[in-house]
Structure formats: C-alpha cells, structure tokens
2 protein chains.
Amino acid sequence: MKEQKIPKETIKRLPLYYRCLNRLVVLGKDTLSSTELSEYLGIKPTQIRKDLSYFGDFGTRGVGYDLRKLFKEIESILNLERSWNIAIAGVSNIGCAIMDLLDFNHSGFNIVAAFDSDNRVVGSNIYGITIQDLDNLKECTADEPIDIGIIAVDPVDAREVANCLVDKGVKGIVNFAPTLLNLPKEIEVVQMDLTSELGWLVFYIGHR
Amino acid sequence: MKEQKIPKETIKRLPLYYRCLNRLVVLGKDTLSSTELSEYLGIKPTQIRKDLSYFGDFGTRGVGYDLRKLFKEIESILNLERSWNIAIAGVSNIGCAIMDLLDFNHSGFNIVAAFDSDNRVVGSNIYGITIQDLDNLKECTADEPIDIGIIAVDPVDAREVANCLVDKGVKGIVNFAPTLLNLPKEIEVVQMDLTSELGWLVFYIGHR
DNA sequence: TTTACATTGTGATAACAAACACATAAATTA
DNA sequence: TAATTTATGTGTTTGTTATCACAATGTAAA
C-alpha cells in the first residue's frame, strides 16, 4: 500500500464489493479470492486487487481474503460503521418508494424527516414518520442533524428545496428530479435520473 | 469533424444537453453559445464543443449554435426521433413511480406492458395498462415488440426476470434491483441503485 | 475597409483509470 | 525440504477522457 490519490471509480466500486461480501458473509463463507469475487461482480480480479490495495494489504498471498475481515475493512472505509440521517423532500410515488426501500433493508440510512407540499398528506404517517409541510423545511427543527437530503419533488421546486436542505446542514444530496442543482462545491450531489439514462441507453440500442 | 471512437462519457452527457436545449426552445430562445450552455449545466464550454464536434459542425464561429437545429441534431443522434416501447416488471412502489414518471412527461418512452407477482394487483389497471401476472412474462404476447425492460421486482427475482425479458427480445434493461445481472454483452444494462450511490456518497461526506 | 471582438472546432497535452506482467509469499505435494 | 500451485500486491504500460492553446471564421464598431 502506498499513499496516493484514490480514483473516484474505485470508490464507486466499493459499495458493490460491500454488498456482495455482505451476502457471502450471511451465507457463512470464510475465505474469498479476488477471482471468485470477480465472477460474482463481472469486475476483473486485477481491478479488485488494485482497488483494495489503495487502502491496505487485506489479503494473504496464496490464500485470498478473510471474508469477514475484508467486509469490516470496506465498511470502515465507506464510513458505514455509523448510521446516517436522511430527510426526504417529496413523498409522492418516488419518495414513498425510497422510504419503503430504506426502511425495509435498514442499512444504516435512517429516515428522520419527510416533507411534502400536498396538504392531503401533510400530517399523515408513513413508515413511522410524520409528514411535515414542505414550506416548513426552512424553519423546522430536527432532533438530530440531517446528513443527507433526498429530493423527490417536482422539477421546478428542486432547486429551492436543495438550497433549503443545504441551509439545514446536509452534506450530500440525492436528486431524483431532472434538475441541475447549483450548490456549493463542498456538497456532494448524486443525480438519479431515469430519463437521462434511457437517453444514452437508446443511443447504444439504436446503433446496433 | 473526424471519424473516431466516441467516448462513452460524451454519450452520457448528450441527454443533459438535450433536456436543457428542450427547455430553452420552449422559452423561445434562438441562439446559444457553448459558454451559456455551460453556465446552465456546470460543464465546461470546451467539453461541450468537443462532445458536439464528434458528430458534426453544428455551430457557427463567432455566433454560436442555432438552438432548434442543435436540439434536432441531438435528438437524432440519441435516436429520440422514434418512440421506444417499455415493459415494466414489478409495479409496487418503484414500479408505479416509474409508470407515473414516464406517463407524465410522455417523452417517447411508452409503457406497453406491466407485470407483477402480487395477485391483488394482477388484472388491475394502472395508467391505462392492465397489470399481467409476472409468471406469464415468458408466454405473454405483446402487440408491439418491447425495446426496453425495466426491472423493479424483488432482488432475488431480478436475474430470472432479466433473462425472460431478454428472451422476449428487449435490447436494453434498466435495473432498479441491487442485483448483478448476467446477460449477453449485447444487452445494454443501466443499474439504478440508490444504496450503492449512498455508499460512495458517505465516503466523501465522511472524509471532510 | 480595417480593427476589435466573439465564438467555434481541433490538434496537442495532461490527467485519470484499466490492464498487464511479474515479484512475492503462503499452502500443498512429492 | 524442494518443487509446484495458488493467489496477492504493485510498478509499468496502455487506453480513455478532459483540458488547453490556438487557428479559423463570423459580427460589429471605428
């Protein structure tokens, strides 16, 4: 292992390793080689070893990786040992789907607040969370600090909501609205955009 | 313009250009410079020009791009002049959200079939589509060929559903299940995976 | 008409990421 | 214990993508 800049692409693969390892741990497996992991994930074994080597020498030559140990290492690298508080803006279809997903596979991501602009749902309770009025986002006080905001509101409202979330102190945003957010560069943004993905998909489908 | 390999990253940016241009067309704008587009999208003007130059000389030096013309060019490049038929597997929360999204901003992506394994929803009608039994996916006949399959079923079923969709002739798949699909390489796959995205997001949030 | 300015298109360069080749080391077998 | 096999870790090479510098070209002003 050597001190050097870690490629962003490496970081993006770590969650894939993490999930796969988690499943194998549950299955009771003990040792894992990069070749075997490679077969599960369709990522070349040299790539996997290179990725892991940025963070340490986790394996044993001639043997492979101690599955449980490697799992814990990646968990630590990704900061998944602690849990993260999430606020959701917009609880129509997508918002609900997300709440369902995160509530179901309770994976360290806790929904601590949810907002909507529809008076018919404000005050109601979804997955144990009382839906607050979106207009109160600015003023509302949360018991715990919110780490991450998920935006599932109408595209035209996305930018304002994003700014409010940043004011509330979130460090990262996942944006399901097809809207470009103009945020301080220290805020990490993930754009989840089905229509864009379909756009490039059909480029490749059509060119065959 | 020169004949050469087009970077995948360029293709992935085209839908962003496309959507932004679409909005500006609606606003009645006529001419657009790469610098101006760059301000809307947060992508450097040289990057935009380089991307476009792979496909032709669409602009006029000293002037900029004819907005409407450029829009049509990108539409043509991405194969968005024609419409695309989509089948959805799984119409619980996420599936419904997708149907809503695609039905609402009818953007050339038409849902032509939907499937679910829950007997309570099979036969019901969502956004004008009668939900069919997922078990019938293999046998069912569609009036029109299905171009793209969207998987929104339980992770454990995703792989089998994907194979069925491929058998039915889809050329591309969007997979919302956190499951690696093992498909022939000529099938284009888009993985939409919130938990993975949250995984790398908190890496960067935590390291500050 | 000439000059100044705005803007595109592109070859060259730099930055980043993946793939490769192989040194290293543990386990197994003869 | 020597040879063989298995598997990791990493320096080097190759490939891909972004950035830069600037030539080419159009518009507007002097």
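Below, chain A is the first sequence line, B the second, and so on; all start at residue 1.
Atom P of nucleotide D/dA18 and atom CD1 of B/I48 are separated by 12 Å, given to the nearest angstrom. At whole-Å resolution of the value, CG in B/L37 and P in C/dT8 are 10 Å apart. Atom C1' of nucleotide D/dA21 and atom NZ of B/K44 are separated by 15 Å, given to the nearest angstrom. Atom P of nucleotide C/dA19 and atom CD1 of A/I43 are separated by 10 Å, given to the nearest angstrom. Protein atom CD of A/E9 is 12 Å distant from nucleotide atom P of C/dC16, rounded to whole Å. Across the protein-nucleic acid pair, A/Q47 atom CD and D/dT10 atom C1' stand 14 Å apart, rounded to whole Å. The separation between A/K8 atom NZ and D/dT17 atom C1' is 15 Å, rounded to whole Å. Spacing between atom CD1 of A/I6 and atom P of C/dC16 amounts to 14 Å, rounded to whole angstrom units.
Each of A/G62 and A/T46 was assigned the nucleotide of DNA chain C with the nearest heavy atom; the assignment lying further toward the 5' end belongs to A/T46.
Listed pair A/Y65 / D/dG9 meets the phosphate criterion, a side-chain N or O lying under 4.0 Å from OP1 or OP2.
Under the 4.0 Å criterion applied to side-chain N and carboxylate O atoms, B/E73 and B/R68 are not assigned as salt-bridge partners. Salt bridge present: A/R82 and A/D147 bring a charged side-chain N and a carboxylate O closer than 4.0 Å.
Ring-plane geometry between A/F71 and A/Y18 is classed as parallel, the angle between the planes falling under 30 degrees on a 0 to 90 degree scale with a further cut at 60.
Side-chain proximity of B/S33 to C/dT10, C/dT8, D/dT10: nearest is C/dT8. Comparing D/dG9, C/dA17, C/dG9 against the side chain of A/D57 picks out D/dG9 as the nearest. Closest to the side chain of B/K50, out of C/dG11, D/dG26, C/dA19, is C/dG11. The side chain of A/S53 lies closest to D/dT10, out of C/dA25, D/dT10, D/dG26.
Backbone-only contact: B/S34 has heavy atoms under 4.0 Å from sugar-phosphate atoms and none from a base.
The shortest distance between side-chain heavy atoms of A/L180 and B/Y40 does not fall below 4.5 Å.
Residue A/R49 places a side-chain atom within donor-acceptor reach of the base of D/dG9, judged by atom type and a 3.5 Å distance cut-off alone. In the interface, the side chain of B/K5 is not paired with the base of D/dG15 through any donor and acceptor atom under 3.5 Å apart.
Between B/P178 and A/R23, the shortest heavy-atom distance links the atoms O-NH2, 3.0 Å.
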